[in-house]
Structures are given as C-alpha cells and as structure tokens.
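Computed from a predicted structure; not experimentally measured.
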Amino acid sequence: MKEEIKAYNNVLELIGNTPLIKLNNITQGLSGNFYAKVEAFNPGHSTKDRIALYIIEEAEKRGILKPGDTIIETTSGNTGFSLAMVSIIKGYDCILAVSSKSSADKIDMLRTMGAKVYVCPANVSADDERSYYNVAKRLHEETKGSVYINQYFNDLNVDAHYNSTGPEIWEQTNGKITHLVACSGTGGTISGTARFLKEQNPDIQILGVDAFGSVLKKYHETKEFDNEEIYPYRIEGLGKNLIPTATDFDIIDNFMKVSDEDSAHTARELAKKEGLFVGYTSGAAFQAIKQYEEAGTFNENSNVVVIFPDHGSRYMSKIYSDDWMSEQGFFDTKNKEEAQKIEIIK
Ligand code: PMP
C-alpha cells in the first residue's frame, strides 16, 4: 500500500498549538514554576497569526468576505505580517496603512508578503486626513468588498484567543495554572485567554504588563483616562495612548509597568539563559514577572504561564544591536559587561 504523504496543506494549518516551555535558569531565585507560551512558533512568528486567521475566517463564515476581496488594517507590526500571510493563501488583497516611523525593514517585510503599503506621516494628529487611521478608513470606504480589521475595537480579536490560546494553556498545564502573565496592547491576548481560563477556574490570577508612558494601568485602577500618563517609549506592541474596547479591564487582576531599559536587558537575558530568541515584549513580560516576584505575588506552589508574543529576529536593529543599546544609554547604568566585544581576525 502506498504510504500517505505527511504534509500540511498550506502554512495556515500550522497556526496555533504553540509549545509551552519550562524556564529553568532565568527563574533562579523566583518562587514557583514558570512556563513560557512561545508564540514565535506560529508560522508568521507571532501570536497575531491567530487573530488574522480567526477574524478572516469569521468574516468568510458571515459572508462579509468573498474571494478576491480586500483586507485593510493600520499596522506595521505583527498583525500586518500575519494578515498579509493569510491573505496570500486565501486569495485576498491586503492593504496596510503604516506610520512613517516604521522601519524600512518592516515595510519591506510586508511588501514581500504581497501587501500594498501606504506610508502615512507620523507627526500628524489622529484626526488629520493623512493619519494612518483616516487613510485606512478612506481606503475601506473607497474599496468595494473590503473589510477593515480594526483590531483595537474588534471583539473577534478577543474571541480568537478565547477559542485557541486559552484552551491550549488550560490543556497544556492540565488545569494547574495559577497565574497568567501577558502584555496588553489591543488587550486581545490577555482578555480572551483570561476569559477562558477564569471560566475553568476563577481563582487564576490574571497579571497584565503595561509600559511606562501608557494609560492602561492607571485606567484599570481608577477608570480615569489620564493624559499625563502618556509620553513616548520604545517598546512596540505594549501599552497604549487610548482605551481599546478589545481590552476587558474587569478580568485583569493587576497591571505592572515595565521600563524600556529593563525589558531590553531581560529579553537579552532570555536568549543567554534559556536559548529563547524572543521579541522586546517577551522581555517586558518576564521583566514584569521579576517585579511581581518582588511584590510577593508568587509562592512555591505557583504555576505561572507567561506569553511570549513574537520572535527576536524582528528586533535585530533594536534590542539585539549593541549600537542601538548604547545609543539609548542602556549600557550606561547596568550590564556594562554585557556588550560583547567582537574579535576581528585580520
Ligand atoms: N507584543 C507584541 C510584539 C505585539 O505586537 C502585541 C500586539 N500589539 C502585543 C505584545 C500585545 O498583544 P495584544 O494586542 O493582544 O494585547
């Protein structure tokens, strides 16, 4: 009898079911057991593959999307890449409005994945007609058969994680998870995963990670939107200067703010101590664990799951560049010895 060929039908079949990996070395001195849900194992190297596939397939089921239609979103980051990837396989056009702050590398990545990219001025207000929000809105209105993903205000972003990330973590930990640590940007990851986990066991603690310069933590604690909290920071994908409806603030027990500098060093530490080459917000998430530990959040019976959202390769010109780290002054105060000398043999 002829052997079956063991192949996936296309790259989309590899989305989700990412591994849970025990952290063994960076955790020295911390209380409890720590496990990372490593989302870089998705084919598009980030957790955003899940929402791209889920939202597009929901739109198909509801008859909103038909072959040859157009997907529109405002992002230069992981969501854009994942949407472009799903669009290729499913035969949609993909239009992404990005800010002129986006690096040339990122724009090239999106174009390589077949997306049409509109680069919009970064230094205009959100209500300016040239802002990437308004350019996306205009393109959506002008393009027949288009769907605007709008991840910050789309419940399907949350549902994607409720239906995949949450059940996977519950099953992988055999229901023994006590704490979830996750970054919040749109809030889709933390809200959807938490909703599923709390339905199984309401005692599971949901610990959010926010950036200094973002409004989320203060809003969570006071329900006040405080403009004073907003200032520029370098971590991409974490924190926000608006309140996304995709964030379920009531399901999050606590937020911890982390700094650009600490998060960058912790990301580099994850590579050196665990062999995990993950992105800037993964460093931020583990940095938050260190701070939660200091606050006495864990004990020896804790089983903590932390979500690492994406892969380190997207940050080569940032946290994994010693030049960039030096320019930010991140080698000035601590970890001076960390900048490794390169030996050049002549
Ligand atoms: N990390 C990275 C690198 C991201 O791109 C995002 C998405 N903005 C997040 C974390 C946060 O995920 P979410 O939007 O689901 O809150």
To the nearest 0.5 Å, atom CZ of Arg268 lies from atom CZ of Phe330 at 10.5 Å
N-O pairing of Glu221 and Lys217 below 4.0 Å
yes
(message) If the threshold is 4.0 Å, N to carboxylate O, is there a salt bridge linking Arg50 and Glu39?
(response) yes
Closest heavy-atom pair, Phe298 versus Ile289, reported as atoms and distance to 0.1 Å, is CE1-O, 3.7 Å
Rounding to 0.5 Å, atoms CG (Leu53) and CG (Leu12) come to a distance of 5.5 Å
Short side-chain to backbone donor-acceptor contact, Ser302 and Val304, under 3.5 Å: no
Validation row: Met325, His265 side chains within 4.5 angstrom (heavy atoms):
yes
d(Ile169 CD1, Asn303 CG) to nearest 0.5 Å is 12.5 Å
Report the C-alpha distance between Ser31 and Asn299 in whole Å, list the side-chain angles of each, state the deciding distance to 0.1 Å, and finish with yes or no for side chain to side chain donor-acceptor pair (under 3.5 Å). CA-CA 5 Å; Ser31 333; Asn299 62 45; over 6 Å; no
Checklist line | Note: Glu58-Lys61 ion pair, threshold 4.0 Å (strictly below) | finding: yes
Should Phe81 and Arg314 count as side-chain neighbours, where that means a heavy-atom distance under 4.5 Å? yes
Q. Is there a side-chain contact (heavy atoms from CB on, under 4.5 Å) between Lys116 and Asp93 once you walk through the steps?
A. CA-CA 8 Å; Lys116 180 153 182 28; Asp93 290 330; over 6 Å; no
query = Under a single-linkage definition using a 4.5 Å side-chain heavy-atom cutoff for Ile, Leu, Val, Met, Phe, Trp and Tyr, are Met316 and Ile319 assigned to the same hydrophobic cluster?
reply = yes
In short, side chain to side chain donor-acceptor pair (under 3.5 Å) pairs touching residues 171-183 with sequence neighbours left out are Lys37-Gln172
Please determine whether the number of non-hydrogen atoms from other residues, nucleotides or ligands lying under 6.0 Å from atom CD of Glu129 exceeds 12. no
side-chain contact (heavy atoms from CB on, under 4.5 Å) assessment of Ile56 paired with Val147: CA-CA 9 Å; Ile56 288 174; Val147 167; over 6 Å; no
### Task
Report, as yes or no, whether the 6.0 Å neighbourhood of atom CD on Glu228 holds more than 12 heavy atoms from other residues, nucleotides or ligands.
no
Just so I know, are the side chains of Met256 and Leu207 near enough to count as touching, which here means a heavy-atom distance under 4.5 Å? no
Note to self: Whether Glu269 and Lys290 form a salt bridge (side-chain N of Lys/Arg under 4.0 Å from carboxylate O of Asp/Glu) is what I want to check.
What the structure shows: yes
Margin query: Quick check: is Ile149 connected to Tyr162 through a chain of hydrophobic side chains (ILVMFWY, heavy atoms under 4.5 Å apart)?
Written below: no
| Are any of the side-chain nitrogens in Asp69 or Lys90 under 4.0 Å away from the carboxylate oxygens of its partner? | no
Note to self: Please check if the number of heavy atoms outside Lys144 that lie under 6.0 Å from its NZ is greater than 12.
What the structure shows: no
The single option from Thr79, Asn78, Thr281 that satisfies side chain to side chain contact (heavy atoms under 4.5 Å, CB included) with Ser46 is Asn78
Subject >> Donor-acceptor contact present, side-chain Thr186 to main-chain Tyr152, <3.5 Å >> reply: no
Aromatic plane relationship, Phe255 with His220 - under 30° parallel, 30 to 60° tilted, over 60° perpendicular | perpendicular
So do Asn201 and Leu197 actually touch side chain to side chain, heavy atoms under 4.5 Å? no
So do Val209 and Ile190 actually touch side chain to side chain, heavy atoms under 4.5 Å? no
Scanning both residues in full, the closest heavy-atom pair of Ile51 with Asn157 reads CG2-OD1, 3.4 Å
d(Phe308 CZ, Ser282 OG) to nearest 0.5 Å is 5.5 Å
Exercise for review: For the pair Ile71 and Ile55, evaluate side-chain contact (heavy atoms from CB on, under 4.5 Å) and give the outcome as yes or no after the intermediate values.
Suggested key: CA-CA 10 Å; Ile71 312 281; Ile55 295 174; over 6 Å; no
For residues 87-130, the ring pair (Phe, Tyr, Trp, His ring centres under 6.0 Å) pairs (sequence neighbours left out) are none
Here the pair of heavy atoms bringing Lys22 nearest to Asn33 is NZ-OD1, 4.2 Å
Query - Any donor-acceptor N or O pair under 3.5 Å, side chains Asp262, Ser259 - result: yes
Ser191 and Thr247 have their tightest heavy-atom pair at OG-CA, 3.5 Å
Problem set entry | Any donor-acceptor N/O pair, Glu13 side chain to Ala7 backbone, under 3.5 Å | no
*Derivation of the side-chain contact (heavy atoms from CB on, under 4.5 Å) call for Asn134 and Lys137*: CA-CA 5 Å; Asn134 283 330; Lys137 261 191 231 154; 3.6 Å; yes
May I have the step-by-step check of salt bridge (Lys or Arg N to Asp or Glu O under 4.0 Å) for Glu236 and Lys318, ending in yes or no? CA-CA 11 Å; Glu236 296 159 62; Lys318 293 205 165 165; 2.6 Å; yes
Audit row: Asp253, Lys198, salt bridge (Lys or Arg N to Asp or Glu O under 4.0 Å) steps and yes/no: CA-CA 11 Å; Asp253 292 290; Lys198 288 245 193 199; 2.9 Å; yes
- Query: In terms of hydrophobic clusters joined by side-chain contacts under 4.5 Å, are Ile89 and Val86 together?
  - Reply: yes
Nearest heavy-atom approach of Lys240 to Ser214 is N-OG, 2.9 Å
- Message: Starting from Ile15, can I reach Met113 by hopping between I/L/V/M/F/W/Y residues whose side chains sit under 4.5 Å apart?
- Response: yes
Taken to the nearest 0.5 Å, the spacing of Glu261 CD from Ile235 CD1 works out to 11.0 Å
- Item | Non-hydrogen side-chain atoms of Tyr219 and Asp210 separated by less than 4.5 Å | no
| Looking at side-chain heavy atoms only, is the closest gap between Tyr292 and Gln205 below 4.5 Å? | no
| said: Has Thr112 got a side-chain atom pairing as donor or acceptor with Asp108's backbone, closer than 3.5 angstrom? | reply: yes
Check: For the hydrophobic clusters of this structure (ILVMFWY residues joined by side-chain heavy atoms under 4.5 Å, transitively), does one cluster hold both Tyr148 and Leu139?
Finding: yes
| field | Check: Glu274 side chain, Ile26 main-chain N or O, donor-acceptor pair, under 3.5 Å | value | yes
When rounded to the nearest 0.5 Å, the distance separating CZ of Phe277 from OH of Tyr320 is 5.5 Å
What I'd like to find out is whether the side chain of Phe286 reaches to under 4.5 Å of the side chain of Val278, using heavy atoms alone. no
| task | Would you please classify the geometry between the Tyr280 ring and the Tyr315 ring as parallel, tilted or perpendicular, with 30° and 60° separating the classes? | result | perpendicular
**Study point:** Test item: Asn154 side-chain N/O and Asn150 main-chain N/O as donor-acceptor pair under 3.5 Å
**Key:** no
Would Gln151 and Lys48 count as a side chain to side chain donor-acceptor pair (under 3.5 Å) here? Give the steps. CA-CA 10 Å; Gln151 60 172 335; Lys48 294 296 182 180; 3.1 Å; yes
What one should report as the nearest heavy-atom pair of Phe41 and Ile21 is CE1-CD1, 4.0 Å
